[in-house]
Number of protein chains: 2
Amino acid sequence: MDQPSYARIAADLRAKIVRGDLAPGVRLPARHELADEYRAAEGVVRQATEVLVREGMLVSRPGAGMFVRQRPQRRSLVRSWFRERQAGSPFAQQMEEQGRHGTWAYRSDTMQAPPEVRERLGLAVPDGDQHDVMRTAYVFTSADDEQPWMLSTSWEPLSLTKGTSIAFPEGGPHAGKGVTHRMAVVGVDVDAWDEEVWARTATREEAQQLGIGAGSIVMVAERSYFAGERVVEVADIVVPAESTKLVYNGPVGDS
Amino acid sequence: MDQPSYARIAADLRAKIVRGDLAPGVRLPARHELADEYRAAEGVVRQATEVLVREGMLVSRPGAGMFVRQRPQRRSLVRSWFRERQAGSPFAQQMEEQGRHGTWAYRSDTMQAPPEVRERLGLAVPDGDQHDVMRTAYVFTSADDEQPWMLSTSWEPLSLTKGTSIAFPEGGPHAGKGVTHRMAVVGVDVDAWDEEVWARTATREEAQQLGIGAGSIVMVAERSYFAGERVVEVADIVVPAESTKLVYNGPVGDS
DNA sequence: TCGAATTTGTGCGTATGTATC
DNA sequence: GGATACATACGCACAAATTCG
């Protein structure tokens with residue numbers, strides 16, 4: 001009894017799944033049957049299956065049963081590539097290069113930057129409630145399964161873009177052209193990016209938008225675009241960890 | 001009763017924590033007291049606190065109580081930097097550049113590559129149980145809190161290194177010099193890397209090694225080093241998501 | 001040093017609500 | 001509509017870790 005009983009049951013079920021003994025899509029025996037089989041209380045079996053649901057091995061459908069997850073291969077979201085092509089190209093192009101299709105919805109608004117964003121963009125403390133950034137929120141949907149799979153929000157300082165033809169990222173003559181191109185229009189030379197990645201549990205709203213279980217894991221990538229030392233755009237990306245990988249690559253130099 | 005009772009309690013406690021009403025380090029009232037306060041069963045309170053522990057808002061110490069987490073600032077683990085210096089430098093150097101100190105323990109063994117590793121390294125299916133890779137497992141410990149905070153495992157094909165002075169990454173004249181330098185010794189020119197990042201729940205063993213709660217979230221970074229098209233080393237990194245950020249950066253070119 | 005009280009982790013059994021088939 | 005299955009809730013018991021007098 002080194003490990004608790006629910007962990008032992010979870011481990012056994014997990015092993016059966018990875019061995020293929022329980023195939024993807026297969027329905028597990030009901031709780032009371034498993035409890036019988038493992039000679040444990042129903043509550044204990046429940047703890048075990050909870051663990052596996054959180055791990056993404058099982059999907060539970062109330063009233064129907066618990067099913068072994070069909071493992072969709074993880075989507076690779078390439079966030080940098082030094083060989084194939086340069087960074088900064090717009091989303092649609094990136095997706096096509098990866099052989100994926102999809103659509104996205106967006107919404108742009110001017111607003112007052114929340115404190116974190118203000119700090120990341122290096123903005124001054126605003127007067128009163130004056131708007132100082134353009135926020136654009138995206139929801140990306142895969143054409144394959146018509147399922148939203150990525151949320152993204154970008155902030156650009158109005159001090160750079162206000163009154164210009166690029167004020168709305170997805171409007172005007174330069175719509176959808178990517179930050180680099182758009183910023184060049186107003187004489188800003190975007191030359192570097194920085195991305196900070198971490199993971200956390202999804203908020204209720206994110207879980208709903210992404211069609212994942214409450215409390216599922218999401219990865220967050222916070223990207224900043226630089227023109228010299230100046231941050232000219234920040235963009236946050238949220239993707240489900242169970243179905244997405246973030247991919248980075250680069251050269252190894254020794255000069 | 002729009003949302004279940006345990007979610008309501010969790011939300012209330014969460015709000016108290018983010019408002020600072022419950023300060024970091026403070027001990028929560030015991031289960032039965034909270035149950036009393038919220039007029040709910042102990043089991044329900046337990047569900048609520050479990051959620052918050054998984055979110056990293058609470059830390060529970062059996063026998064002692066549940067405490068509001070002291071939010072340590074996230075460690076930044078820089079995984080690429082094109083401006084400051086070149087990639088491929090060994091761990092200690094990276095850490096020092098970030099103003100951090102620490103120690104690491106390691107263990108190297110030859111073994112037969114597990115299937116995933118074999119595939120990533122592009123190795124042939126081995127004869128019988130012949131060893132074909134050198135595996136080195138690291139545990140990195142911070143000097144600040146003497147707490148392990150990163151696990152890493154690297155695999156190198158024996159076909160490249162067997163019988164050479166670099167066969168053991170942490171032994172011989174080139175110990176701790178980094179992949180690029182070491183591989184150069186045997187005439188292999190490492191020129192690129194690729195890293196795939198995702199997140200999942202920690203295994204029991206990982207949670208124990210990293211001193212985090214069972215079922216906490218970890219980030220996994222799978223790095224491959226290339227010499228041309230050939231993969232010459234793969235290295236997996238595991239860090240707690242609650243205390244670590246992975247940082248990438250790069251240039252934006254438009255030629 | 002030791003023991004008592006407290007607190008969490010785990011396990012058991014039951015009842016009710018709600019979604020699915 | 002009825003049967004089945006999961007989600008939630010309640011209450012109790014005990015072991016292990018911690019705290020404190």
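The chains referred to below are lettered A, B, ... by the order of the sequence lines, with proteins before strands, and numbering in each begins at 1.
Proximity of B/V220 to B/R200: side-chain heavy atoms (C-beta onward) are separated by under 4.5 Å at one or more points. Side-chain contact between A/T201 and B/I217 is present, with at least one heavy-atom pair separated by less than 4.5 Å. Between B/Y6 and B/V45, every side-chain heavy-atom pair lies at or beyond the 4.5 Å cut-off. Looking at A/M219 and A/W198, their side chains never come closer than 4.5 Å, going by heavy atoms from C-beta outward. For the pair A/R61 and A/M66, the minimum side-chain heavy-atom distance is 4.5 Å or more.
DNA chain D is contacted by A/R46 of residues 42-51 of chain A, taking any non-hydrogen atom closer than 4.0 Å. Heavy-atom distances under 4.0 Å link DNA chain D to A/R27, A/A30, A/R31, A/H32 of residues 21-35 of chain A, given in residue order.
Within the structure, salt bridge (Lys or Arg N to Asp or Glu O under 4.0 Å) pairs that include any residue of residues 24-36 of chain A comprise A/R31-A/E42 (at least two apart or interchain).
D/dA5 atom P lies 11 Å from atom CZ of A/F67, rounded to whole Å.
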Study note, to complete from the structure: Per-nucleotide protein contact along nucleotides 16-21 of chain D, 5' to 3', at a 4.0 Å heavy-atom cut-off (B base, S sugar-phosphate only, - neither), is -BBS--
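Side-chain N/O atoms of B/S5 include one lying less than 4.0 angstrom from OP1 or OP2 on D/dA9.
Within 6.0 Å of atom CD in B/E119, 12 or fewer heavy atoms from other residues, nucleotides or ligands are found, so the atom counts as exposed in its surroundings.
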Practice item. Evaluate salt bridge (Lys or Arg N to Asp or Glu O under 4.0 Å) for B/R120 paired with B/E116, printing each intermediate quantity in order. Key: CA-CA 6 Å; B/R120 284 162 66 192; B/E116 329 80 76; over 6 Å; no
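Ring orientation note: the planes of A/W104 and A/F140 are tilted relative to one another, at an angle of 30° to 60°.
In this structure, B/L34 CG and B/L13 CG are separated by 6.0 Å, a value rounded to the nearest 0.5 Å. Residue B/L77 holds its CG atom at 11.5 Å from NZ of B/K245, rounded to the nearest 0.5 Å. Considering CD of A/Q112 and CZ of A/R135, their distance stands at 12.5 Å, rounded to 0.5 Å.
Geometrically, A/R223 engages A/W193 in a cation-pi contact, judged by NZ or CZ lying under 6.0 Å from the ring centre and within 45° of the ring axis.
In this structure, a donor-acceptor pair under 3.5 Å is present between the side chains of A/Y38 and A/D12. With no hydrogens or angles considered, no side-chain donor-acceptor pair links B/E196 and A/Y248 at under 3.5 Å.
Bounding nucleotides for the chain A contact on DNA chain C, 5' to 3', at a heavy-atom distance below 4.0 Å, are C/dT10 to C/dC21.
Rounded to 10 degrees, the angle between the two end axes of the helix from C/dC2-D/dG21 to C/dC21-D/dG2 is 10°, with five pairs used at each end.
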